[in-house]
Amino acid sequence: MATGWEDPFDSRAPLMGQSGGIGARNHYSRLMSDPFEYDDDDAWPGAPSGPAPAYPGPGGNAAAARAAAGPPKWLETLNEAQREAVLAVDGPVLVLAGAGTGKTRVLTTRLAQILHEGRARPYQILCVTFTNKAAREMRERVAGLVGPATEGMWLGTFHALGTRILRRHAELVGLKSNFTILDTDDQIRLLKQILEAERIDEKRWPARMLIHVIQRWKDKGLTPGKVDASDAGEVANGRAVAIYAQYQERLRTLNACDFGDLLLHNLTLFTEHPDVLQQYRNLFQYILVDEYQDTNISQYLWLRLLAKTDDPKRPANICCVGDDDQSIYGWRGAEVGNILRFEKDFPGARVIRLERNYRSTPNILGAASGLIAKNEGRLGKTLWTDLPEDGQKVRVRGLWDGDEEARVVGEEVEALQLKGYPLDEIAVLVRAGFQTREFEERMITLGVPYRVVGGPRFYEREEVRDAIAYLRVIAQPADDLAFERIVNKPTRGVGKTTMQSVHQAARLERLPLSIAARRMVETDELKPAARRSLTAILDDFDRWRQLSQGVDHIELTETVLDESGYTAMWKESKKPEAAGKLENLKELLVAMEEYEDLAQFLEHVSLVMDADDRGKGPMVSLMTLHSAKGLEFGTVFLPGWEEGLFPHQRAMDENGLAGLEEERRLAYVGITRARERCEISFAANRRIHGSWQAALPSRFIDELPGKHVEIEADRGVYAGSGGGAAEDRYGFMYGGGSGFGGGGYGGGAYGGRNSGGLRPGVPERGRDQGFSQGGGPGFQRLKSRGLGSRAPVIEGQAEYIGGDKQADWGEGERCFHQKFGPGTVIKVAGDRLTIEFDKAGTKTVVAAFVERPE
DNA sequence: TAGGGATTGTTTTTT
DNA sequence: ACAATCCCTA
């Protein structure tokens, strides 16, 4: 260590045997018993009283000179609280950053400040985010402030950073450093095998559910030995812990990790090898954590291990940024408690509140604040803004059913579009993924470009995963899961029975599948046909492995996909999605170019590779409230605010008040995404799982403070269809007038199969029953009058949007639509095509969305 | 071994 | 309604 400041992990120096004397060991032994005790009261070493000693900067003269040149200009544009958060670099700091208060700005500026002052080298900074996207943005923004000085910074997701560390020390936890990272699919397949061997009825204890249980344990930092037996209860006939242990065992033999392991093994590594922990503690002089409210316990423990300094006089330089009001991931193990107990963990911690909102109008802010105030157990913040204009009130609209709701939103979007309002400033945020569908269809018929954010991720698609599986087997012959996945895909006569015998042999000889298979084909154990097929594919793999030494990973992939018959399989397929799959395979090759070699690509594909965001041009965004966190839009539509859907019934059933409060935070997140316009809506009738359900307006609507909200009767929509009752209906709804449709039905919980239809009952909350109707005949009548039929509306508007261009299509021509599949054009009107789809029925769509068939 | 008919469940999502 | 998965038969 020449300078003492090099990152030992970036030089290829051997890692073990450094530091970690006896004194240190005692110190750690105390620690070792503690990290897994989440509830203990053990406190962190306190911050020293008085000003923290300036940390001796390693940056040398250049940094000193920069520091002497006066405060950097970026400080000038910060408000007081922000500046405080940026400058408080010594000691533990918790930044409570409300929505739209410039959180990212503070984080990035703080990083820049640390680098600028020469307090630490980039590699001495650990900065953790939750998503790759956040990490990328952060890096870009910091680079924008201080330039290339960010190189080498440990900036990434918990998992990416955990992986980086784990690869360095894999042997210490029984892995090899080239371990594979499994995704959910692989996990389930593996678990199924274990369940089968254990003779556990998969019907009664589905692998999906058990993997969830195991995951939850991992989230808590619990290895099989640490799980409290009573915690497992009756799950899997009381054998859940044993299964967990076996699962871990199998992972180890496969030289694989699931996502949870990436951190869990880090915890094991750090507690069992204090000298290793010591190195990282020495290394990381500053730790920054984004979205702290979303950390789970294992992440918390990881941070806690790393943040603790060996010198009790020196405080941990850890800065966590978060917002308890935006904690919406409790269901996947996030522990709001982490943020609530920060001051206890780090006595003397400074807590800085960012409350000045730069995003939304006073009305939007007021509505959101009023709503979130109904939650208990908050750290408490009061967002404020000094915008002079209150802006438009938050509009709440009650509508007849989901179709109408989608139509109204569609119309508004269209109106905004005509006014020249940029489409990418518009978002429709829904509670659950399936809700995007009706809006999608609406946008298609209107010809409004849209994008669904957060659909299936690119690398999760079947064809991409298959292709990757081939590569994984090439890179790692021991990768059984990958081998199994593609050994008979395309079908090549290596079926279940063959694989069963291979499995058996593999288990007996404790060999990886592909090795066992190689041995078997050299004997007479298999039937000749199976033996021939299996030999062929094994030879293929041998050949490809050879090839991988000679050519780059792109060429290799091309060859493999071609020679394996995989591409041919999709080319011959008649499935409507086949063309898209081939497209994705090409896309994969393009994506691979970003990586240097196969190993690097494989590393990133499971951790980092994002969904293809090749959406071009301005588009309306459709997404769930969860995926909207962190984003902002000029106009936000929030449909589906109905009891049972939002708040979601299951959230309440499974988590009671805590579940409800998380739903409320979700609503808060939704509203605070909007800068100037926020429109909430709910429908009286909604079709869920095929059957119509009457629904009550969400309780959250009641909770919105009246002075920031306007409840709107959307006349016109029903004019002439409901015998004049429509307008009254809405007046009554919130004004307490007389009823429509007789009321009396309600209870809008969405039940299962058997609750189909409407059931009599009294709304739970004793509210006015106004808006719940009985569906039935009246509803049918409405539908048949054309409320549900789209054609008249569409054609009327086609002229506005489509102009006079005649689409280049002829009637009777065959065509293909990304969403609806193949079909036949039956009518051409301007750029609108009416198409009879083979599967999806007859629809009118914009020609631009339609392609020629292959 | 493969493909078709029955069965089943259907919140949110990152890594 | 719908899709994914499972089981069974050809």
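In the text below, chain A, chain B and the rest are named by the order of the sequence lines, each starting its count at 1.
Between the CE atom of Met652(A) and the P atom of dT12(B) there is a distance of 16 Å, rounded to whole Å. Rounding to whole angstrom units, CE of residue Met209(A) and C1' of dT8(B) are separated by 17 Å. Look at NZ on Lys489(A): it is 12 Å from P on dA2(B), rounded to the nearest Å. Note: CG (Leu666(A)) to C1' (dT11(B)) measures 10 Å, nearest angstrom. Distance, Met499(A) CE to dT1(B) C1': 14 Å, rounded to whole Å. Between Arg216(A) atom CZ and dT12(B) atom C1' the separation is 12 Å, expressed in whole Å. Counting to the nearest Å, the P atom of dT12(B) and the CD atom of Gln293(A) are 20 Å from each other. Regarding Arg665(A), its CZ atom lies at a distance of 17 Å from the P atom of dT13(B), rounded to whole Å.
One finds a side-chain N or O of Thr491(A) lying less than 4.0 angstrom from the OP1 or OP2 phosphate oxygen of dA2(B). For Thr624(A), a side-chain nitrogen or oxygen approaches OP1 or OP2 of dT13(B) to under 4.0 Å. At dT10(B), one or more side-chain N or O atoms of Arg650(A) fall inside 4.0 Å of OP1 or OP2 (strictly under the cut-off). Proximity of Asn132(A) to the phosphate of dT15(B): a side-chain N or O atom is located under 4.0 Å from OP1 or OP2. Applying the 4.0 Å criterion to OP1 and OP2 of dT13(B), one finds that Ser627(A) has a side-chain N or O inside that range. The side chain of Thr498(A) contributes an N or O atom lying less than 4.0 Å from OP1 or OP2 of dT1(B). In terms of phosphate contacts, Asn296(A) brings no side-chain nitrogen or oxygen within less than 4.0 Å of OP1 or OP2 of dT15(B). Taking side-chain N and O atoms only, Thr497(A) has a distance below 4.0 Å to OP1 or OP2 of dT1(B).
In this structure, a donor-acceptor pair under 3.5 Å is absent between the side chains of Tyr329(A) and Asn296(A). Judged by distance alone, the side chains of Glu594(A) and His604(A) never bring a donor and an acceptor atom under 3.5 Å apart. Counted by atom type alone, Lys218(A) and Gln248(A) present one or more donor-acceptor pairs between their side chains at under 3.5 Å. Residues Glu291(A) and Thr129(A) bring no donor and acceptor atom of their side chains to less than 3.5 Å of each other.
A centroid separation of 6.0 Å or more is found between the aromatic rings of Trp331(A) and His212(A).
Remark: ring of His689(A) does not overlap the six-membered base ring of dC2(C) in a stacked fashion, as centroids less than 5.5 Å apart with planes less than 30° apart are not both met. Taking a centre distance below 5.5 Å and an interplanar angle below 30 degrees as the stacking criterion, His626(A) does not stack against the six-membered base ring of dT12(B). The stacking criteria are not both satisfied for Tyr329(A) over the base of dT13(B), which would need a centre-to-centre distance under 5.5 angstrom and an angle between ring planes under 30 degrees.
The side-chain heavy atoms of His265(A) and Thr163(A), taken from C-beta on, include no pair separated by under 4.5 Å.
When the P atom is used for both dT12(B) and dT5(C), the distance is 16 Å, rounded to whole Å.
Within the nucleic acid shown, Gly454(A) has no heavy atom closer than 4.0 Å to any nucleic acid atom. The residue Val494(A) sits close only to the backbone: its heavy atoms come under 4.0 Å of sugar-phosphate atoms, none of a base. Among the protein residues, Lys218(A) comes within range of no part of the nucleic acid, since none of its heavy atoms lies under 4.0 Å from any strand. Note on Asn488(A): only backbone sugar-phosphate atoms sit closer than 4.0 angstrom, heavy atoms only; bases stay farther off. Glu462(A) comes within 4.0 angstrom of no nucleic acid atom, judged by non-hydrogen atoms across all strands. Using a 4.0 Å heavy-atom criterion, one finds that Gly493(A) contacts the sugar-phosphate atoms exclusively.
Listed nucleotides dC2(C), dT15(B), dT13(B) differ in distance to Arg332(A); the shortest reach to its side chain belongs to dT13(B). For Lys192(A), the listed nucleotide lying nearest its side chain is dC6(C); candidates were dC6(C), dT12(B), dA1(C). Of all nucleotides listed (dC2(C), dT15(B), dT11(B)), dC2(C) comes nearest to the side chain of Arg437(A).
The nearest heavy atom of DNA chain B to Arg492(A) and to Trp331(A) marks one nucleotide each, and the one closer to the 5' end goes with Arg492(A).
Dense packing is recorded around CD of Gln600(A), with more than 12 heavy atoms of other residues, nucleotides or ligands lying under 6.0 Å away.
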